[in-house]
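None of the values given here were measured: they were computed from a predicted structure.
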Amino acid sequence: MHTSDGTAGTYLEIEGGRLTEQRAGALRQGTDIRIGQLFFNTPARLKYMKTLQTELGHTIDLMNRFALSYPEVSFRLVNDGKQLLQTAGSGEVRRVLADIYGVAIAKKMVAFEGESPDYQIEGFASLPEITRANKNYISLFVNGRWVKQYAIANTVHKAYHTFLPLERQPIVVLNIKGDPYLTDVNVHPSKQQIRLSKEKELLELVHDTIRKAIQTAVRAPVIEKPKPAKQAPSRQLDLWKRPVEETVRREPETLKSMDWKQEKLQERGEDFHLEPKLEPVVKTAHEQGWEQDREPDREPAEEGKMPYEEPENYPAVDASPQFPELEVVGQIHGTYIVAQSSDGFYLIDQHAAQERIKYEFFREKVGDIDSNERQSLLLPLTFHYSRDEALHLKEQLNALEESGVFLEEFGETTFIVREYPTWFPKGFEQEVIEDLIEQVLTERRVDIKKLREEAAIMMSCKRSIKANHFLQKHDMERLLADLKNAEQPFTCPHGRPVIIHFKTYDIEKMFKRVMN
């Protein structure tokens with residue numbers, strides 16, 4: 001340790017909880033701590049340590065969280081002489097995101113901030129085109145502490161509703177500030193799980209703030225000319241890209257010999273000093289549920305220098321994307337519409353485009369049941385269910401009525417419908433009603449808002465044109481005109497992209513019309 005007033009530093013060496021050496025030391029200002037051979041004198045704890053790669057993965061993950069929580073601190077992580085992480089300590093979260101995930105992803109992170117009487121939130125959220133397979137990439141910090149809070153993480157995911165494909169998760173860094181008295185950290189020994197006072201207020205703030213930021217920034221994904229692969233400056237990125245097959249070939253023999261050696265030494269009562277020479281491999285990411293599809297875009301760095309020479313002010317995402325003026329060129333495979341503009345050409349998924357238009361139409365209709373016109377049936381539709389399902393339906397008849405479905409009891413386990421809203425998809429009336437009833441039976445409870453939302457998504461999908469359906473040019477032009485007037489024209493209700501942009505410059509580079 002070394003202090004700022006110029007007094008001598010102190011070197012301490014501690015082994016097994018005992019101070020073995022203390023002397024004066026000339027060190028830089030601050031505190032350096034080095035830990036080695038963890039649990040060497042507690043074999044029971046050592047026995048339950050995971051593989052080297054798994055523990056290395058946990059370490060990298062923890063250092064990433066620290067770096068995101070304290071961007072003003074420079075972090076450097078080294079393993080076996082190889083640098084896995086280094087941050088600048090500039091105080092900019094976006095720069096830390098670049099150090100962890102790569103510059104390409106950092107440029108596609110949208111800044112957001114919000115405030116309520118009790119909480120302040122700020123952070124960064126990825127555009128819908130940047131997704132991961134699990135919620136491990138949603139980093140939550142409460143007053144600087146990294147926490148795991150299911151309700152908040154789930155709310156972050158809900159804020160991306162209709163923007164993300166199924167089973168995909170965003171990359172989000174969320175900093176929450178509030179009175180410490182509103183937070184109970186004594187829920188779990190690790191202090192990572194917490195309870196919050198006024199949680200409902202906070203969840204509404206998180207949802208509305210992130211939702212607004214994403215709605216404002218989302219636009220058509222841009223397809224750029226593929227870049228040649230660049231060698232990453234640190235082993236952290238190498239381990240994401242290394243094929244799994246290589247790991248399987250290299251790792252088992254070495255680990256098997258280490259496990260045998262550990263067992264023999266422990267049988268003789270000798271200490272086992274773990275001094276591996278393994279390089280980080282992809283099993284770390286795989287065992288933690290991480291993905292191998294990271295997108296590094298980094299230049300090699302000389303030893304001792306910061307790994308990136310990118311400017312500190314990354315280009316901000318355009319906060320006011322406009323739907324482009326498009327001229328229809330034609331159609332591909334009866335599925336994709338080709339249109340051009342002054343800055344390139346666009347591919348539009350005709351099913352996803354009409355699905356977005358119909359979704360916004362049905363969403364309004366489902367939410368305005370009182371004003372719906374109804375169609376009477378000459379012969380009522382009949383629905384049969386088991387006794388337990390029938391009992392549950394009888395309890396939820398009012399909820400179904402709020403979604404436009406009027407079930408009448410017709411015996412103990414039979415129900416009939418005599419009329420339905422005229423905006424139900426023609427020819428799919430019975431199927432739509434069955435799907436609505438199935439939602440009630442599956443959930444075993446009724447969330448009217450969710451029920452209406454799912455009904456709108458379902459009907460928009462059933463009512464939209466399908467793939468392999470050839471359109472006339474005037475039909476395509478009308479579809480794009482309707483899409484332009486949509487509230488959110490760039491994604492379908494399931495989160496898939498509706499329109500993709502190919503830039504003129506990138507096309508000219510592909511054909512070698514420009515060489516730089």
*Any side-chain heavy atom of Thr87 sitting closer than 4.5 Å to one from Arg95?*
no

*Would you say Tyr346 and Phe502 make side-chain contact, with heavy atoms under 4.5 Å?*
no

_Tell me if a side-chain donor or acceptor on Thr335 pairs with a main-chain N or O of His333 at a distance below 3.5 Å._
yes

*Any donor-acceptor N or O pair under 3.5 Å, side chains Arg65, Ser139*: yes

*Kindly determine whether Asp343 and Lys503 satisfy salt bridge (Lys or Arg N to Asp or Glu O under 4.0 Å), including the steps that lead there.*
CA-CA 6 Å; Asp343 59 347; Lys503 288 185 176 180; over 6 Å; no

*Side chains of Glu204 and Lys200: does their closest heavy-atom pair fall under 4.5 Å?*
yes

*For residues Glu355 and Ser460, is any side-chain donor paired with an opposing acceptor at under 3.5 Å?*
no

*Looking only at heavy atoms, what is the nearest atom pair of Phe163 and Pro128, with distance?*
O-CB, 3.3 Å

_Smallest separation among heavy atoms of Leu205 and Tyr119, with atom names_ = CD2-O, 3.9 Å

*Would you confirm whether Thr42, through its side chain, and Arg45, through its main-chain N or O, come within 3.5 Å as a donor-acceptor pair?*
no

_Pairing donors with acceptors under 3.5 angstrom, does anything connect the side chains of Glu13 and Tyr11?_
yes

*Kindly compute the distance separating OG1 (Thr59) from CE (Met63), expressed to the nearest 0.5 Å.*
9.0 Å

_Just to verify, what does Asn154 make a side-chain hydrogen bond (donor to acceptor under 3.5 Å, both in side chains) with, not counting sequence neighbours?_
Lys135

*Within a strict 4.5 Å, meaning less than it, do heavy atoms of the Leu347 and Ile337 side chains meet?*
no

*Under the side-chain contact (heavy atoms from CB on, under 4.5 Å) rule, what do Ile138 and Leu140 come out as? Steps first, then yes or no, please.*
CA-CA 6 Å; Ile138 300 178; Leu140 308 176; 3.8 Å; yes

*Option among Ile171, Val172, Val93 that satisfies the side-chain contact (heavy atoms from CB on, under 4.5 Å) test with Met109*: Ile171

_N/O donor-acceptor pair under 3.5 Å between Asn79 side chain and Lys82 backbone_ = no

*Hey, does Asp99 have a side-chain heavy atom less than 4.5 Å from the side chain of Phe75?*
no

_Has Glu360 got a side-chain atom pairing as donor or acceptor with Gln488's backbone, closer than 3.5 angstrom?_
yes

*Looking only at atom types and distance, does a side-chain atom of Arg94 sit under 3.5 Å from a main-chain N or O of Ala106, one as donor and one as acceptor?*
yes

_Whether Thr491 side chain and Thr162 backbone form a donor-acceptor pair below 3.5 Å_ = yes

_Please check: side-chain N/O of Gln193 versus main-chain N/O of Val187, any donor-acceptor pairing under 3.5 Å?_
no

*Smallest separation among heavy atoms of Ile348 and Ala353, with atom names*: CG2-CB, 3.9 Å

*Mind checking whether Glu487 and Arg356 have side chains closer than 4.5 Å, heavy atoms only?*
no

*Evaluate side-chain contact (heavy atoms from CB on, under 4.5 Å) for Ile60 paired with Leu84, printing each intermediate quantity in order.*
CA-CA 8 Å; Ile60 294 173; Leu84 305 182; 3.9 Å; yes

_Side chains of Glu199 and Gln149, donor plus acceptor under 3.5 Å_ = yes

*Can you tell me if Gln350 uses its side chain to pair, donor with acceptor, with the backbone of Lys466 under 3.5 Å?*
yes

*Between Gly16 and Asn41, what is the shortest heavy-atom contact and its length?*
CA-ND2, 3.5 Å

*Are the side chain of His161 and the backbone of Arg211 linked by a donor-acceptor contact shorter than 3.5 Å?*
no

*Could you tell me which non-hydrogen atom of Leu164 sits nearest to which non-hydrogen atom of Pro170, and how far apart they are?*
CD1-CD, 3.6 Å

*Under the side-chain contact (heavy atoms from CB on, under 4.5 Å) criterion, do Cys461 and His351 qualify, and how do the steps go?*
CA-CA 8 Å; Cys461 184; His351 173 74; 4.1 Å; yes

_Using side-chain heavy atoms (C-beta onward) and a distance below 4.5 Å, is Phe112 in contact with Ile214?_
no

_Just checking Phe66: does its CZ atom have more than 12 heavy atoms from other residues, nucleotides or ligands closer to it than 6.0 angstrom?_
no

*Apply side-chain contact (heavy atoms from CB on, under 4.5 Å) to the pair Glu201 and Asp118, showing each step before the final yes or no.*
CA-CA 9 Å; Glu201 172 194 327; Asp118 294 290; 3.2 Å; yes

*asked:* Can you confirm whether Ile194 sits close enough to Asp184 that some side-chain heavy atom of one is under 4.5 Å from a side-chain heavy atom of the other?
replied: no

*Report the residues that fulfil side-chain hydrogen bond (donor to acceptor under 3.5 Å, both in side chains) with Lys212, sequence neighbours left out, ordered by chain and then residue number.*
none

_Given Arg132, which partner from the list Asn134, Asn136, Ile130 fulfils the side-chain contact (heavy atoms from CB on, under 4.5 Å) test?_
Ile130

